Amino acid sequence: MKKYMITIALCICAALAYAGQIADDCTYNGIPLYGRVQVVDFMADFTVQKVSFLPDLRVKDTPSFPSQCGEWQFVEFMPDFTIQYVDFLPDFTIQMVDFAPGLP
């Protein structure tokens, strides 16, 4: 029983350590983190939390042709992926910036 509980605890710690892990190629779960983004209230591809310091990704709102890591064009139709803003347990954290978007 004790060995079983230790195994469960290790699995939970591993899952928490993986949270917020954006790949070096600027993808999360195989989806590139740039492009057309729609904010939804539920059933999003990703849950994100806005932070002021130490983000997983710096995001710049780009009016057209987002093609680099962290460049997002917010749209209402035909998104590349969807996000939902949350206060707790996000997939990753973002910081809105005016310049230098991408991985910190």
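The basis for the numbers below is simple: all heavy atoms, side chains too, and nothing from hydrogens, waters or symmetry mates. None of these values were measured; they are calculated from a predicted model.
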pair [X]-[Y]: side-chain heavy atoms closer than 4.5 Å:
X	Y	answer
R36	M78	yes
P55	I94	no
K50	Y85	yes

| Any chance CG of D25 has more than 12 other-residue heavy atoms, nucleotides or ligands included, within less than 6.0 Å? | yes
| query | If two hydrophobic side chains count as joined below 4.5 Å and joins carry through other members, does V39 share a cluster with V59? | reply | yes
| Path from L33 to V37 over hydrophobic side-chain contacts below 4.5 Å | yes
| said: Quick check for you: to the nearest 0.5 Å, what is the distance between F42 atom CZ and Q84 atom CD? | reply: 9.0 Å
| said: Applying the side-chain contact (heavy atoms from CB on, under 4.5 Å) criterion to L57, which one of V97, I22, V48, T93 satisfies it? | reply: I22
Under 3.5 Å: donor-acceptor pair, side chain of [X], backbone of [Y]:
X	Y	value
D80	G35	no
T62	Q73	no
D56	F92	no
R58	L103	yes
T47	D91	yes
E71	K60	no

| query | With F81, which of F74, W72, Y28 fulfils ring pair (Phe, Tyr, Trp, His ring centres under 6.0 Å)? | reply | W72
| query | Which pair of non-hydrogen atoms, one from G70 and one from C26, has the smallest distance, and what is that distance? | reply | N-SG, 4.1 Å
